[in-house]
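Shown next, in structure tokens, is the structure this report addresses.
Count residues from 1 along the sequence. Scope of the values below: all heavy atoms of this structure, side chains included, with no hydrogens, waters or symmetry mates. Because the structure is predicted, anything quoted here is derived from the model rather than measured.
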Amino acid sequence: MLNNAQFLTVIKESFETYLQVGTSRSTAKLKTLHGHIANDLQETFGKDFRILSQGYGNGKEASINGRYYPKNVDITVSHQGIPVAGYGVKFVMRNYSQNSNNYFENMLGETANLRSNQVPYFQVFIIFDKVPYYKKGGEFSRYDVITEHNMEKYIKLSMDNPDSFLHSPDKTLICVVHLKEKSNNYSFKNDKEYADYYRSVIGSSDLITYSNKIQDNFGNGVVLNDYEKFLSKTKNIVIGKMK
């Protein structure tokens, strides 16, 4: 199973795929990330469980019946052919401020749909502490610098009792990571220059590290920058609900 340092390497692999593909909309950047998490979940839960995900096993996502509609889930844990948990994975690499509320609202909706049907649901949210923001056409505009203000809604969510609020994930992993800069406060001209530079230094051992910009003011619902702890806690939740 990946430890926290090794999980950073997987995040870097996902970022490298994004740089090669050239668009954040492609699912290719997530296959390696989903696949590694799925493999670790298989090891965590054991042979009596089956894990379904892109990048793992047959390479296909599974659909879980929600209260209102079936949902294709990034990673599904099943037992004796029945889905017993789902994991959603989001890695934000550009234009966060434009989409931040949509990300959050979509997460609440998909969580409520599944948890209302008594299926435990977990979220993995990965974001750079400085996210490039591009205008239409790829021209660099600014950096969205992630601060505690951006995390306020997640802090509030982390305080919820999931048994009372079905829109709250049973547990959320938030990874805020730092991407080494070309130079202090350097601004790239466009997304091509950004991609060209990071492709050239992708092998740097210190390219991606866990960020220390966000204080851990989260409640029990969120695990910050601790992948190993998140997997352990989610397994305990699933097994507890199966009893």
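One N or O on the side chain of Asn225 and one on the backbone of Val176 form a donor-acceptor pair closer than 3.5 Å. Without hydrogens or angle criteria, Tyr210 side chain to Asn4 main chain gives a donor-acceptor distance under 3.5 Å. No donor-acceptor pair closer than 3.5 Å links the side chain of Asp129 to the backbone N or O of Ser211. For Lys12 (side chain) and Ser204 (main-chain N/O), a donor-acceptor pair under 3.5 Å exists by modelled atom type.
Tyr134 and Tyr186 fall within a single hydrophobic cluster, where Ile, Leu, Val, Met, Phe, Trp and Tyr side chains are chained together by heavy-atom contacts under 4.5 Å. Linking ILVMFWY residues whenever their side-chain heavy atoms come closer than 4.5 Å, directly or via other members, leaves Val177 and Tyr133 in distinct clusters. In this structure, Leu114 is not a member of the same hydrophobic cluster as Phe104, with clusters built from ILVMFWY side-chain heavy atoms closer than 4.5 Å.
Under a cut-off of 6.0 angstrom, the local environment of NZ in Lys233 is sparse, with at most 12 non-hydrogen atoms contributed by other residues, nucleotides or ligands. The number of heavy-atom neighbours closer than 6.0 Å to CZ of Arg142, taken from other residues, nucleotides and ligands shown, is above 12. The 12-atom threshold is not exceeded at NZ of Lys60, counting heavy atoms of other residues, nucleotides or ligands nearer than 6.0 Å.
In the model, Asn150 has no side-chain atom that pairs as donor or acceptor with a side-chain atom of Tyr96 under 3.5 Å. Judged by distance alone, the side chains of Tyr121 and Glu110 do bring a donor and an acceptor atom under 3.5 Å apart.
Here the rule is side-chain contact (heavy atoms from CB on, under 4.5 Å) with Lys229, and of Thr234, Leu224, Val223 only Val223 fits it. Screening Phe15, Phe128, Tyr103 for a ring pair (Phe, Tyr, Trp, His ring centres under 6.0 Å) involving Phe91 leaves a single residue, Phe128.
Here the closest heavy-atom approach between residue Asn72 and residue Ser63 is recorded as OD1-CB, 3.4 Å. Of all heavy-atom pairs spanning Pro120 and Lys241, the tightest one is CG-CD, 3.5 Å. The two residues Tyr69 and Gly109 have their closest heavy-atom pair at OH-O, 4.2 Å.
Between Tyr197 and Phe188, the ring planes lie tilted relative to each other; the angle falls in the 30° to 60° range. Note on ring orientation: taking the six-membered ring where Trp is involved, the planes of Tyr154 and Phe125 are parallel (angle under 30°, cut-offs 30° and 60°).
Considering only heavy atoms from C-beta on, Leu8 stays 4.5 Å or farther from Tyr227 through its side chain. Considering only heavy atoms from C-beta on, Phe230 comes within 4.5 Å of Lys171 through its side chain. In this structure, Asp170 and Arg115 have side chains that are in contact, with non-hydrogen atoms separated by less than 4.5 Å.
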- From CA spacing to verdict: side chain to side chain contact (heavy atoms under 4.5 Å, CB included), Leu207, Tyr198: CA-CA 9 Å; Leu207 183 66; Tyr198 282 110; 3.9 Å; yes
- Task: Applying side chain to side chain contact (heavy atoms under 4.5 Å, CB included), run through Val222 and Leu157 and close with a yes or a no.
- Result: CA-CA 8 Å; Val222 165; Leu157 188 73; 5.9 Å; no
